[in-house]
Amino acid sequence: MRAMDVTPIIDPLNERQREAVTAPPGPLLVLAGAGSGKTRVLVHRIAWLVAAEGVSPLSILAVTFTNKAAGEMRARIEQMLGGPAGGMWVGTFHGLAHRLLRQHWQEAQLPQTFQILDSEDQKRLVRRVLKSLEMDEARWQPGHVQGFINARKEEGRRPRHIEDGGDPVRRQLVRIYTAYEAACRRGGLVDFAELLLRAHELLRDNESLLRHYRERFRHVLVDEFQDTNTLQYAWLRLLAGEHHRLFAVGDDDQSIYSWRGARVDNLQHFVRDFPGTLTVRLEQNYRSTGTILTAANALIENNAGRMGKELWTDGEDGEPIQLFSAFNEYEEAEFVVDRMRQLNRDGYARREMAVLYRSNAQSRVFEECLVAAGMPYRVYGGLRFFERAEIKDALAYVRLVRNPDDDSSFERVVNLPARGLGNRTLEQLRAAARDNQVSLRQAAGSLLGAGALPPRAAGALQGFLALLEDMAVEMGEQALHHQIDVVIRRSGLMEHYPQKEKGEKGEARVENLRELVSAARTFEGVEESAEMPLIDQFLAHAALEAGDAQGDEWDDCVQLMTLHSAKGLEFPVVFLSGLEDGLFPHKRALDDPSGLEEERRLCYVGMTRAMRALYVTHAESRRLYGSETLTLPSRFISELPVDCLHQVRPRGGLLPRAQSAPAPEENDGQALRLGERVSHARFGEGVVLNYEGSGAQARVQVNFEQAGSKWLVIGYANLQRC
DNA sequence: CACAGGTATGTTTTT
DNA sequence: CATACCTGTG
């Protein structure tokens with residue numbers, strides 16, 4: 001390896017990139033701006049370690065957040081090294097944690113057949129736990145409880161570590177958390193956060209294991225470091241141990257996931273926790289035009305407390321950013337689609353153009369417009385293959401066969417398809433399971449043995465248990481796809497869906513079940529490892545890697561996605577839509593400064609996706625939750641330098657020209673108009689945004705400069721126009 | 001047990 | 001406006 005020619009590794013790099021790639025071992029933080037060759041630096045660093053420093057691939061651990069990123073990185077490393085990077089660990093935090101836990105299930109105090117809960121499974125389990133505690137779901141919303149549990153786990157906290165501080169609500173939450181943990185233990189279940197927490201505890205509390213892995217992974221590399229949460233960073237610190245050979249790449253300006261626990265301040269902590277850290281800034285951008293970068297720099301400049309970075313390019317300035325003000329969301333979409341057709345005619349492929357928006361709901365109008373124009377498109381996001389109900393139903397059978405004590409799966413399929421096992425019988429089962437501290441399956445066995453059930457229910461339950469046993473026998477040692485086939489046939493799911501949902505929907509589900517069989521067949525190519533039978537690997541794969549959202553990948557489609565899912569991607573042409581205060585920045589982020597800054601980073605991410613052309617659009621009126629709302633251009637637009645912008649159709653004033661909404665009721669003899677400035681004795685000055693009702697009930701929505709947005713009854717408010 | 005009808009609710013998403 | 005979820009009825 002050492003003899004390998006290193007010129008292809010360092011030659012294509014600029015000076016800063018080379019500095020990072022060839023740095024001596026030790027803590028290194030790469031602040032990599034958008035489009036500055038972040039992944040390239042990671043990949044080349046690994047190649048450098050192997051080829052120039054003679055590091056064995058066995059001692060390299062590279063972590064990413066998504067399976068996609070991990071796959072790309074692995075592929076590029078192998079390409080660079082000209083062969084498989086045997087023994088290197090490249091994967092997601094969750095994937096690697098899972099690997100550790102499978103290998104050391106005993107030390108981690110897990111059953112060998114532990115199963116992974118995805119977030120939907122987790123929520124269902126929370127529901128069940130709430131029920132068993134006889135707590136009201138309206139008062140204790142499963143989603144909130146789930147968030148609480150995950151947040152605690154991400155802080156590394158078990159129930160016993162949490163002080164309630166005399167807060168009764170918190171005390172109850174801890175109680176639920178405790179019961180939830182017990183339920184997981186009984187069922188041999190591990191949720192996503194638990195994978196990380198367990199893996200962390202495994203290493204932390206196991207001196208010899210920790211020593212082993214520290215000695216093995218002498219080089220740890222992380223991508224998207226700004227997205228790490230507290231636990232993930234703790235995990236990295238633990239592994240980096242004394243050698244401190246941690247190579248982190250990240251960008252504080254692209255931190256857009258604080259709402260799900262990501263801690264940008266880990267970037268600052270890194271420098272503090274690892275004295276002698278070498279910090280390298282990558283600011284040269286290879287993606288966008290000078291104009292786009294100037295505008296993006298100007299925007300992000302409005303954020304405080306940045307680590308400091310300014311993107312530059314030695315390429316062309318390019319065209320100005322085009323700004324379009326539409327009357328409403330339909331005109332906005334028409335403009336975008338129209339431009340895309342034009343650009344398509346001028347030689348841009350459809351796949352080179354993307355429409356970005358803040359929230360998923362915005363895609364609808366674009367889709368309608370694209371359908372009308374006959375332009376193929378692809379919407380990112382949505383349900384992924386292994387998240388579909390029918391797939392999860394089928395896999396629940398498989399899990400239950402593998403692990404009879406998996407109550408979660410038991411509940412899911414015990415009456416699917418309906419076999420006369422209603423809530424009454426289930427309640428009896430749950431009670432028996434709870435009283436004897438056993439699983440539902442075990443409780444079912446003993447209730448049947450004791451003859452404690454009415455004949456009908458007993459028969460049905462007996463049938464279900466027999467079905468599971470038959471399945472187990474029939475699956476035997478067959479090939480994986482055959483085992484899946486047994487499950488979907490014997491379970492009756494194939495007949496169930498078309499019966500329940502007439503027409504296309506039911507057929508689609510059957511089609512997906514067939515697809516599951518072929519997915520299993522494809523999976524058979526994977527090497528069976530000693531520690532894990534193929535079928536369990538398949539189940540883990542289904543939970544950890546939910547697959548693609550849209551099966552039919554069009555050859556050449558216009559791309560539609562949220563700003564969040566656009567991170568990490570690039571497109572020659574980008575349409576940034578819906579830049580309106582309240583939508584983007586989102587209204588729920590407006591009240592706190594840090595929320596607003598994150599929105600601004602989101603906008604920065606969006607802008608820096610564009611390579612050659614960037615369009616920014618907003619509508620002056622938009623239908624939100626059913627009612628027509630007047631909207632003001634996003635403050636982010638005014639933060640862009642005017643000389644970077646070109647108004648596509650400059651228009652004065654706020655009011656739509658033709659279909660101006662009917663005016664609200666009279667006030668001082670004159671009708672108030674939407675968009676008009678008014679003043680209120682208490683709230684001060686503001687702009688009329690919306691109105692509803694008429695006569696004495698007429699109300700207007702006014703966005704006050706100080707007090708924010710309020711609904712006021714015109715008859716009482718005594719608004720003065722100003 | 002399935003279905004109909006009512007009501008509450010409405011960012012962003014990966015694992 | 002749309003949907004998701006809950007409750008009550010047949």
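Heavy atoms only: backbone and side chains are in, while hydrogens, waters and symmetry mates are out. Just so we're on the same page: letters track the sequence lines, and every chain starts at 1.
Between the CD atom of A:Glu224 and the P atom of B:dT13 there is a distance of 15 Å, rounded to whole Å. Between the CD atom of A:Glu368 and the C1' atom of C:dC1 there is a distance of 12 Å, rounded to whole Å. Regarding A:Asp136, its CG atom lies at a distance of 8 Å from the P atom of C:dT7, rounded to whole Å. Atom-to-atom, CD of A:Glu120 to P of B:dT13 comes out at 17 Å; the value is rounded to the nearest Å. Computed from coordinates, the A:His98 NE2 to B:dT15 P distance equals 15 Å when rounded to whole Å. Rounded to whole Å, the distance from CG on A:Leu624 to C1' on B:dT11 is 12 Å. In this structure, A:Lys123 places its NZ atom 18 Å from P of B:dT15, rounding to the nearest Å. Between A:Phe93 atom CZ and B:dT15 atom P there is a gap of 13 Å when expressed in whole angstrom units.
For A:Glu387, counting side-chain heavy atoms from C-beta on, the closest listed nucleotide (B:dT13, B:dT15, B:dA2) is B:dT15. Side-chain proximity of A:Asn360 to the nucleotides B:dT15, B:dT12, C:dC1 is greatest for B:dT12. When distances are taken from the side chain of A:Thr66 to each of B:dA2, B:dT11, B:dT14, the shortest belongs to B:dT14. The A:Arg588 side chain lies nearest to B:dT11 when the options are C:dC6, B:dT11, B:dT15. Minimum atom distance to the side chain of A:Tyr257 is reached by B:dT13, of the listed B:dT13, B:dT11, B:dT15. When distances run from any side-chain atom of A:Arg127 to the nucleotides B:dT13, C:dC6, B:dG10, the shortest one goes to C:dC6.
Summary of the strand contacts: A:Gln141 and A:Glu545 both lie near DNA chain B, and taking for each the nucleotide with the nearest heavy atom, the more 5' one is attributed to A:Gln141. Both A:Ala361 and A:Gly95 lie near DNA chain B, and the one whose nearest nucleotide falls closer to the 5' end is A:Ala361.
At a threshold of 4.0 angstrom between heavy atoms, the contacts of A:Ser565 are confined to the sugar-phosphate backbone, with no base atom among them. Across all strands shown, A:Leu421 has heavy atoms under 4.0 Å from sugar-phosphate atoms exclusively, and none from any base. Within the 4.0 angstrom heavy-atom criterion, no nucleotide atom of any strand lies near A:Phe584. Residue contacts for A:Glu154: at a heavy-atom cut-off of 4.0 Å it reaches no nucleic acid atom on any strand shown. A:Asn423 comes within contact range of the sugar-phosphate backbone alone, with a heavy-atom separation under 4.0 Å but no base atom that close. Residue A:Asp191 is classed as having no contact, given no heavy-atom separation below 4.0 Å to the nucleic acid.
Neither OP1 nor OP2 of B:dT15 sits under 4.0 Å from any side-chain N or O of A:Arg260. For A:Tyr625, no side-chain nitrogen or oxygen approaches OP1 or OP2 of B:dA8 to under 4.0 Å. Distances shown here put a side-chain N or O of A:Asn67 below 4.0 Å from the OP1 or OP2 atom of B:dT15. Contact annotation: A:Thr562 side-chain N/O to B:dT13 OP1/OP2 distance is under 4.0 Å.
How far CZ of A:Arg601 is from OG of A:Ser255: 4.5 Å, rounded to the nearest 0.5 Å.
Look at the P atom in both C:dA4 and B:dT13: the space between them is 16 Å, to the nearest Å. Between C:dC5 and B:dT12, the distance separating the two P atoms is 15 Å to the nearest Å.
Between A:Phe636 and A:Phe584, the ring planes are perpendicular. Angles over 60° get that label, and only those under 30° would be called parallel.
With a 4.5 Å cut-off on side-chain heavy atoms, A:Leu96 and A:Trp235 count as touching.
Here B:dT12 is in the anti range [glycosidic angle more than 90° from 0].
Salt bridge annotation for A:Arg509-A:Asp393: absent, with no cationic side-chain nitrogen under 4.0 angstrom from a carboxylate oxygen. Using a 4.0 Å cut-off between charged nitrogen and carboxylate oxygen, A:Lys392 and A:Asp118 count as a salt-bridge pair.
Relative to the six-membered ring of A:Phe386, A:Arg384 misses at least one condition, a distance below 6.0 Å or an angle of at most 45° to the axis. With a 6.0 Å cutoff to the six-membered ring centre and a 45° limit on the axis angle, A:Arg600 does not count as a cation-pi contact of A:Tyr604.
Under the stacking criterion of a centre-to-centre distance below 5.5 angstrom and an interplanar angle below 30°, A:His94 is not stacked against the six-membered ring of B:dT15.
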